[in-house]
Amino acid sequence: MGDETSTSASGSAQEPAAPAVQGAGSVKQQISNLVALSLRATVPEVDVEPIVEVCTGKFGDYQCNNAMGLWSKVKGSGTSFKNPNAIGQAIAKNLPACDVIESASVAGPGFVNIVLSKSWVAKRIQDMLVNGIKTWAPILPVKRVVLDFSSPNIAKEMHVGHLRSTIIGDTLARMFEFSNVEVLRCNHVGDWGTQFGMLIEFLFEKFPNWEELGSQAIGDLQVFYKASKQRFDEDAEFKDRAQQAVVRLQGGEEKYRAAWKKICEISRNEFDQVYKLLDVQLEEKGESFYNPYIPQVLEKLSSQGLIEESEGARVIFIQGHQIPLIVVKRDGGFNYASTDLAALWYRLNVEKAEWIIYVTDVGQQQHFDMFFKAARMAGWLPDPKEKKFPKTSHVGFGLVLGADGKRFRTRSTEVVRLGDLLDEAKSRSKIVDWTDEELEQTSKAVGYGAVKYADLKNNRLTNYTFSFDQMLSDKGNTAVYLQYAHARICSIIRKSNMDVEELKVSGNISLAHPDERVLGLYLIRYAEIVEEACTNLLPSVLCEYLYNLSEMFTRFYTNCQVVGSPEEPSRLLLCEATAVVMRQCFQLLGITPVYKL
C-alpha cells in the first residue's frame, strides 16, 4: 500500500479532547463512530458513512477506507485536497483524541490504518471479566425478529433433513437474543392439509372406538402413516372418503377435529423429545393457526387488484417469473402460498416483527422469492434496495449427504430418523474412567455438540457429508477439538491455585508480549463477529472465529509461560477471558461446554 506516514491520535487537532468511547457496541462500531466524527470535520459538506474494516496488514488493527470514495466526490469542486492521500491524512489528523486509539497512519491512496491502545484493549477485556460477557453484545438495528425454523410435518418423523433447519435456526435465534433482540421462535409445523383426511379416515375405519383407546389406537405414528398412505394410493373409494374427511375437518365437525387434535398431540410429543435432546426452544404456530386469517388477507390483495383468475385458480403474477404464484387452487382450497401470505401479514401487523427470517432448504428459494415479491407488490415490505425495515430473508441450506455423496439415508433407503442419529452420536462419545453421571452428561455434550458443530461450521448454502468419524475426531476444526481446547484452559486455571475471581478485581492485564496482544485483540473482536453472523445470517462466521481463537490461544500458551511466570496473574486473566468467550460461543451454537476431558 505504499509508504506510511504516521499521526499520533493524542496529537489530533480536535481540542478539547473528546471523552473516551465507552461501553456499548462492538469495537468496530466504536471505531466507526470516531471515524464518523473525523469525516464530519474533514469534509463537512459531504454526507458519508464511515467505511471501517479489520486491517489484515502489519500497519494497523482497523482501517478506514473512505478517502478514495471521498476524492471522487470532491475533486474538481474547489477543494483544497490534492489527492486521496491528502484526504486520508486529514481523516487521521481529525480523529478525536481518546484512549481507544494509540496511533493512525496513512498508506497509499489514503488508507487510514488505526492502531488500538494496548491499555484500552486490556481494560476492555478486564471490564468484561468483571461485568460479564453480555457487555460485549453488539447493537443491531432491529428490536424484534421472527425466526421461522424446524417446521416438520405433523404425523411424519423428524429426520436428518430437519436437522439443519433446527440447528441453524436455533443458533441464529441465540445470536439475536445475545444481541438484546426479542426473538419469536416460530415452529410453523405442517398441521393442516390433505394428509389429515387420510389419517383420520383410516383411524375411524380401523378403530371405531379410537377415543377409548387414545394413543394406543395409533401406536407408532410412522407405521400408521405408511399404512394409511398405502390404503389411500390403492383404494379409490377410501381416497374419496379421505378427501371428504378433509372438508369435514376444515368445516369444523367436532368428531374430525378431535381426531386431528389427537394425531397432532402424538406427533408433537415425538418432536418435543428431539427438541429436548437438542436443547431447542420453539413456540408452535402451525398452518392451522394462520388458516382463519387467509380469507381476509386474500380479500385485501384482491381489492388491490393483485389476484387474478387463471385456468380455474386464483393467482398473483410476479414479474421475472414465468409461472404465477397460486393462492387459491382450482378446487377452492388454500396452499403454502396462501398460508405464508397470511402468516406474514400476521407477523407484520400483529406481532410487529421488523425482520422475518425463514430457515428452509435451498430448494424452496423460488417459492420465497415469489412470495416476498408479492408482499412488496402489496406494499407490505419496502424495496430491498432501500435497506429499510421491515424485511424478510430466506436462509437457505444445502443437503445432508452420506459417504456415497447421495442424500443421507439408512440401508433400507429411508431417511435417517433424527432421534436415532443423536443416540448414535452420544454412544460413540463414551469416555472411560468416569462416573456414570459424568459419562452420561459428557457424552451428551460431546456427541450432540459434534453433530451441531459439523453442520454449523459449513457455509449453510453448501451440501455437507455426514460422517461420525470426522465430526467426533479430536483433530482439526471439530467440536471435540474445541471442547479439548476449552477443557485445557480450565485445567491451566485450576493448576495455578490462584483465585481467578479475586484476580478479576485486584489484578491487571498486560499485553506486553506480541502474542498477548494478538490474543487480546482477537478477543475484543467477539462482538463484531456476532454482529456479522447476525447481519449475514451465517453461523459459520462464529464457528470460524471460535476455531481461530483456540489456535491463537495455543500460540499464546506455547510462547508465553503462564503458571509460575512473573506475568502469571495477567496471563491467567487472559486464559479466563478466552475460556469465557469460548463458552459464550458454545452457548450461541447450542453446545454444552465441557470443563474436563
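The chain is numbered in sequence order, starting from 1.
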Ring centroid separation F289 to Y346 under 6.0 Å: yes
F178 ring center near Y526 ring center (under 6.0 Å): yes
4.5 Å side-chain heavy-atom contact, L537 and I357: yes
Between F372 and Y358, ring centroids under 6.0 Å: yes
Side-chain heavy-atom pair L172, P539 within 4.5 angstrom cut-off: yes
Given V183, V530, L588, T171, the one that forms side chain to side chain contact (heavy atoms under 4.5 Å, CB included) with F176: V183
pair E283-N187: side-chain heavy atoms closer than 4.5 Å: no
Residue K239 excluded, over 12 heavy atoms near NZ under 6.0 Å: no
Atom pair CD1 (I200) and NZ (K255), whose distance is rounded to the nearest 0.5 Å: 10.5 Å
Ionic contact status for K261 with D191, cut-off 4.0 Å: no
Ring centroid separation Y256 to F204 under 6.0 Å: yes
Side-chain touch L184/V145, heavy atoms, less than 4.5 angstrom: no
Close side-chain approach of W355 to P390, heavy-atom, < 4.5 Å: no
Beyond-backbone contact of Y336 with E287, side-chain heavy atoms, under 4.5 angstrom: yes
Atom OH of Y464 with >12 non-hydrogen neighbours under 6.0 angstrom: yes
F271 to N153 - nearest heavy-atom pair and separation: CZ-O, 3.4 Å
Close aromatic pair by centroid cut-off 6.0 Å: H188 and Y290: yes
N-O pairing of D148 and R347 below 4.0 Å: yes
Lys/Arg-Asp/Glu bridge criterion (N-O < 4.0 Å) met for K373, D369: yes
Centroid-centroid under 6.0 Å between F334 and W192 rings: no
Spacing of CG belonging to L538 relative to CG belonging to L456, to within rounding of 0.5 Å: 11.0 Å
Derivation of the salt bridge (charged side-chain N to carboxylate O under 4.0 Å, His left out) call for R241 and E205: CA-CA 11 Å; R241 293 206 317 274; E205 184 181 270; 2.6 Å; yes
Step-by-step salt bridge (charged side-chain N to carboxylate O under 4.0 Å, His left out) determination, R314 to E309: CA-CA 5 Å; R314 300 182 70 203; E309 298 286 334; 3.8 Å; yes
Gap separating the CD1 atom of I529 from the CD atom of E544, nearest 0.5 angstrom: 7.5 Å
CG/D383: more than 12 non-hydrogen atoms of other groups inside 6.0 Å: yes
Ion pair E351/R144, N-O distance below 4.0 Å: no
Salt bridge R268-E265, side-chain N to carboxylate O under 4.0 Å: no
